[in-house]
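Keep in mind that this is a model prediction, so the values were computed, not measured.
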Amino acid sequence: LHESVLSHVAAAAWAEVALGAMAFLWGAMLGSFVNVVLHRLPRGASVVTGRSHCPTCGSQVRSRDNVPVLGWLVLRGRCRDCHAAISCRYPLIEAACGAIAVAVAMAELDGPGWMPGGPGRPGIDRLLSGDWHIAARWGVRTVVAVAMLTWCLLEHDADTAAGATDAVGRPSGRRGTRRQQGGSAV
């Protein structure tokens, strides 16, 4: 093959990797905010003001420790100050939101069946040539998908806290329990 064709293919492959990494980072940052919402909203606390803190000792999470997924791994799932365990749910939600962002990006860039290095990259080529509408649609669709996940997790947590269980005692996700106790079902 001609050398310029090979360099274009290599550049496009690196562009796919870079876009995938950026999509994951965007989603993981959204996931970090989802964790704030899931922790604070049921307690009536603001999701906008106030720094993240350890629920056990109350010490503020340092900026260097507040990096999605990596912060939890570096601290080995423990608070830097009191060494209390931090639930693995936090990095799992951040990683799930990162995966959602990557999936939406793949679907947005080239449609179903897109694979890195696969034939044809019309979405990536358009994005690299300055068509930012693709990025805007991807960002909005990612936020909507993550918002739906957030709502589902809030519902799950509310049902679990309300004691909705199945016959074996596992959380069932049934919403009737909150209605019977006079709580909101929505």
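Rounded to the nearest 0.5 Å, atoms CG (Asp65) and SG (Cys54) are 11.5 Å apart. Rounding to the nearest 0.5 Å places CD1 of Ile93 at 10.5 Å from CD1 of Ile100. For the atom pair NE2 of His83 and SG of Cys57, the computed distance is 9.5 Å after rounding to the nearest 0.5 Å. Taken from CG in Leu73 to CZ in Arg76, the straight-line distance is 10.5 Å, to the nearest 0.5 Å. The CG atom of Asp81 lies 12.5 Å from the NE2 atom of His53; values are rounded to the nearest 0.5 Å.
Relative ring orientation between Trp138 and Trp26 is described as tilted, the plane-to-plane angle lying within the 30° to 60° band.
A side-chain donor-acceptor contact under 3.5 Å links Asn35 to the backbone of Tyr90. One N or O on the side chain of Arg40 and one on the backbone of Ser46 form a donor-acceptor pair closer than 3.5 Å. In this structure, Arg51 contributes its side chain and Val61 its backbone to a donor-acceptor pair below 3.5 Å.
Residue Leu153 is grouped with residue Leu41 when hydrophobic side chains (ILVMFWY) are merged at heavy-atom distances under 4.5 angstrom, including chains of intermediate members. Connection of Val67 to Leu25 is not established within any shared hydrophobic cluster, with ILVMFWY side chains joined at heavy-atom distances below 4.5 Å, either directly or through further cluster members. No continuous path of ILVMFWY side-chain contacts below 4.5 Å connects Val36 to Val69, so the two sit in separate hydrophobic clusters.
Residues satisfying the side chain to side chain contact (heavy atoms under 4.5 Å, CB included) test with Phe24, not counting sequence neighbours, are Ala28, Ala95, Val102. With sequence neighbours left out, the side chain to side chain donor-acceptor pair (under 3.5 Å) criterion links Asn66 to no other residue.
Residues Phe33 and Val47 form a side-chain contact, since some pair of their non-hydrogen atoms from C-beta on lies under 4.5 Å apart. In this structure the side chain of Leu38 reaches within 4.5 angstrom of the side chain of Arg89, judged on heavy atoms. Contact check for Pro42 versus Asp157: no side-chain heavy atoms found under the 4.5 Å cut-off. Residues Val104 and Arg137 have side chains not in contact (no heavy-atom distance under 4.5 Å, counting atoms from C-beta outward). Ser52 has its side chain out of reach of Arg62: every pair of non-hydrogen atoms, C-beta onward, lies at least 4.5 Å apart. Two residues are said to be in side-chain contact when any heavy atoms from C-beta on lie closer than 4.5 Å; Pro91 and Pro68 fail this criterion. The side-chain heavy atoms of Trp72 and Glu94, taken from C-beta on, include no pair separated by under 4.5 Å.
Residue Ile86 comes nearest to Cys79 through the heavy atom pair CD1-N, 3.6 Å, listed as atom of the first residue, atom of the second, then distance. Closest non-hydrogen pair, Ala101 versus Ala23, comes out as CB-O, 3.1 Å.
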May I have the step-by-step check of side chain to side chain contact (heavy atoms under 4.5 Å, CB included) for Val34 and Leu149, ending in yes or no? CA-CA 9 Å; Val34 167; Leu149 173 65; 5.6 Å; no

